[in-house]
J.: 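Could you have a look at this structure, given as structure tokens, before my questions?
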Number of protein chains: 2
Amino acid sequence: MTNIKAVAKRAGVSPSTAKRAINEPEKLSPALLHRVLQAIKELDYEPDLTARALRQGHTLNVGFLVPDLVEPFSAQLAQEVSVRLQHTPHILLLANSSHQPDLERHNLKRFSGQRISALIIRPSYGSGNLDYLLKMKDKGTYIIEVDHHLPDSPFDHVMLDHEQAIRLGLDHLTALGHTRIACLSTPSREGLLAGRTLMFEREMAARGIPVPPLYREINRHSTEDAYRFTRHLLGLPDPPTALFVLGGLELLGVHQGIQDAGLSVPGDISLLAFDEDAWTSRMKPGIDGIEQPVGMIGETLVRQVLKNTPAPVEPLQLKLPGRLIQRGSCAPPRGR
Amino acid sequence: MTNIKAVAKRAGVSPSTAKRAINEPEKLSPALLHRVLQAIKELDYEPDLTARALRQGHTLNVGFLVPDLVEPFSAQLAQEVSVRLQHTPHILLLANSSHQPDLERHNLKRFSGQRISALIIRPSYGSGNLDYLLKMKDKGTYIIEVDHHLPDSPFDHVMLDHEQAIRLGLDHLTALGHTRIACLSTPSREGLLAGRTLMFEREMAARGIPVPPLYREINRHSTEDAYRFTRHLLGLPDPPTALFVLGGLELLGVHQGIQDAGLSVPGDISLLAFDEDAWTSRMKPGIDGIEQPVGMIGETLVRQVLKNTPAPVEPLQLKLPGRLIQRGSCAPPRGR
DNA sequence: TTGTAGGCGTTATCAG
DNA sequence: CTGATAACGCCTACAA
């Protein structure tokens, strides 16, 4: 492995001088600087980040932990974060907890052992891992929650205003005259209503619209479960006249459920979703949805990570390709 | 930072003994083992992976580098790999090269500096970074290409049989009687036909079906470009009667283009795609597509990585929750 | 079965 | 402006 010592030797300087050529080049005499850079190029030396991490006590890596990566929101978010981190010295460590607190903790441990400098986490419900997150914070990891935040957690967080979004959706449905409204939603642990489901219930109560017990069911986060539950709902003596899909994975199953029941949207039943997939706009009819500002969320996450993380300026020298867009303003010269 | 020394001190043993309690517990006397484990728990000690990496010369991290993360195939693949890596000691480092060889190399350097033990890469076209990949291989990184492989590259690779898939698609279309067939596809650098596009051309030639020059256009990988190109195609004096969408991002734009042109599928025009998005099956009519075995690809990638990578057995002690599925076989006892 | 010593490549500190 | 030295925490010999 070619290390800084080899470079120093070749340039005829001490290791510390050679390192300075990289980290504080302005402090070197031009002649030496040139010689060292030359040696670096000849040996194509690349600093060992693991050694650096050991010495500094932390890496420049950012953990990204979500319950599920297929879920459109998480997938889009990963993309947003990944693209924006591209132009920083940080690297993204990806893991998913499959909606299981045990796996979440398992991954937190792995990240922690890796000495990540920041963690972006969509925490699972319940406060089971809050203690561990607090410990990580104490050790200097910057932690930011996304989409949901644990009760009493002291971390930064950024997320959709879920309450406002639910209200928006219910306004839409009630204005159309719906009262038999069912929601399909995120899983809940031990029978407790969770997240958006809870807000849905509260908001319905606030409007004085009852939610029949048969409309409520604890179902897990999956397309298949959503399908089954949809069929169940549509088969009831008093089926809902509108479905409000609160999670990103369920919509596909719901849509299929409606079709297989021989019903049509919106004639037989209204369908409202959290709009997290481009395809929903291609359906006929298009599916009404509530849009999440994923781009802004991603941008904020990365900005906060950068702000709260010690990172040397990375001399990224990138030549971006121009793109020729032909719209017709160019033609062969006259007379040819 | 609580390290193995602290643990050793607390347990009243030497550091190496303490370490052995973790790495080779069977070699310790039960009494000592207990004392050490106790100390580990009390201090909640966690090994520093950066130190380990420095000492060993490599981490247990796996780089994952694709041109684009939104593209359904890449997104699904990331998910597949991520889930399967969950049960190994490896961590996934994610990066995307945005279809730019410069960015690809940039990320390769970052990965290399991180001393990853394996790299899963969907390489960009051209052989610009082959030299660098070879260097990484020499340094001991296991490299496996996915979806595409560089000419003359010595690396393992796993991918769809693109030729067979294209043939399958064209068989389908020609059997229906189509001869005016256009493809929408991956970007090509410097006017060279690339990847599937090339195969499409070859396969059309083999069948003696001409591809009008106006059907050919170098367009980049994006939904918007696909939309524009679709409108262009449909506006031609002799428009295609079938569109073959070869990439995962374009379909959305093509679909919209067809609709905005006031045409219907399949009456006015046939549409065939690489089936990489669950939503295509929800459309009316459903969109014919060629399915990629993403799951198997992901499985293979992970298997190969594990096989070619030195990894200690990780004592993962996970309690997975059972799930109650109510199908009706349980009821209250008789007589109540 | 247990303990000791050296070094992985880097950065921080101190000396010249 | 430049060079020497120690330490980060771990692993691998080897010694007891």
Side-chain angles (χ1 to χ4, degrees), chain A residues 1-37 39-40 43-61 89 112-115 117 139-140 310-312, chain B residues 1-37 39-40 43-61 89 112-115 117 139-140 310-314:
Chain A
M1 201 54 56
T2 148
N3 55 14
I4 199 62
K5 252 184 186 163
V7 172
K9 198 168 170 186
R10 178 158 196 127
V13 297
S14 78
S16 11
T17 303
K19 248 313 169 194
R20 267 187 279 260
I22 298 174
N23 294 334
E24 339 169 75
E26 72 284 356
K27 291 196 175 175
L28 277 193
S29 66
L32 267 195
L33 179 59
H34 180 74
R35 252 173 43 217
V36 176
L37 291 181
I40 288 180
L43 301 175
D44 50 29
Y45 161 76
E46 286 173 14
D48 184 326
L49 268 3
T50 65
R52 181 199 151 99
L54 171 58
R55 178 60 230 239
Q56 307 231 105
H58 61 89
T59 62
L60 287 177
N61 297 342
S112 180
Q114 289 265 352
R115 303 289 182 260
S117 56
K139 287 189 200 157
Chain B
M1 201 53 57
T2 149
N3 55 15
I4 199 63
K5 249 184 188 163
V7 172
K9 199 166 168 187
R10 177 156 195 128
V13 297
S14 78
S16 28
T17 304
K19 248 312 166 195
R20 267 187 277 260
I22 299 175
N23 294 334
E24 337 169 75
E26 72 283 359
K27 292 197 174 175
L28 277 193
S29 66
L32 266 195
L33 179 59
H34 180 74
R35 252 170 47 214
V36 175
L37 292 181
I40 287 179
L43 301 175
D44 49 32
Y45 162 76
E46 286 173 14
D48 184 326
L49 268 3
T50 66
R52 181 198 150 99
L54 172 58
R55 176 62 228 252
Q56 308 238 102
H58 65 264
T59 62
L60 286 177
N61 297 342
S112 180
Q114 289 265 352
R115 302 289 181 264
S117 57
K139 288 190 201 156
V313 277
E314 192 183 47

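Below, read A as the first sequence line, B as the second, and so on, with proteins coming before strands; counting in each chain starts at 1.
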J.: Can you measure from CG (B:L60) to CD (A:Q114) and round to the nearest 0.5 angstrom?
T.: 8.5 Å
J.: Less than 4.0 angstrom between a side-chain N/O of B:T17 and OP1 or OP2 of C:dT2, yes or no?
T.: no
J.: Rounded at 0.5 Å granularity, tell me how far OG1 in A:T2 sits from CG in A:D44.
T.: 7.5 Å
J.: I need the NZ-C1' distance between A:K5 and D:dT5, as an integer number of Å.
T.: 11 Å
J.: Distance from B:K139 atom NZ to B:R115 atom CZ, nearest 0.5 Å?
T.: 6.0 Å
J.: Given 3.5 Å as the limit, does a donor-acceptor pair link the side chain of B:R35 with the main chain of B:A11, or not?
T.: yes
J.: Within this structure, what is the CG-to-C1' distance between A:N23 and D:dT2, rounded to whole angstrom?
T.: 15 Å
J.: Can you tell me the distance, in whole Å, between the CG atom of A:L49 and the P atom of C:dG9?
T.: 14 Å
J.: Just the atom pairs and distances: protein N or O near nucleotides 12-16 of chain D's N or O, under 3.5 Å.
T.:
residue : atom : partner : partner atom : Å
D:dT12  : OP1  : B:Q56   : OE1          : 3.2
D:dT12  : O4'  : B:R55   : NH2          : 3.4

J.: From A:I4 CD1 over to A:Y45 OH, what is the distance, rounded to the nearest 0.5 angstrom?
T.: 4.0 Å
J.: Give, for atom CD of B:E46 and atom CD1 of B:I22, the distance between the pair rounded to the nearest 0.5 Å.
T.: 10.5 Å
J.: Could you give the CG-to-P distance, from A:L54 to C:dT11, as a whole number of Å?
T.: 11 Å
J.: Using whole Å, what does the distance between atom C1' of nucleotide C:dT11 and atom CG of A:D48 come to?
T.: 13 Å
J.: Under 4.0 Å, counting only non-hydrogen atoms across every strand here, what does A:P15 touch: a base, just sugar-phosphate, or nothing?
T.: nothing
J.: Working to the nearest 0.5 angstrom, can you tell me the gap between A:D48 CG and A:N3 CG?
T.: 9.0 Å
J.: Measure the distance from CZ on A:R52 to C1' on C:dC8 and round it to the nearest whole Å.
T.: 17 Å
J.: Considering only D:dG9, C:dT10, D:dG3, which nucleotide approaches the side chain of A:Y45 most closely?
T.: C:dT10
J.: What integer distance in Å separates B:L33:CG from C:dT2:C1'?
T.: 14 Å
J.: Can you check the A:K19 NZ to C:dT13 C1' distance for me, whole Å?
T.: 17 Å
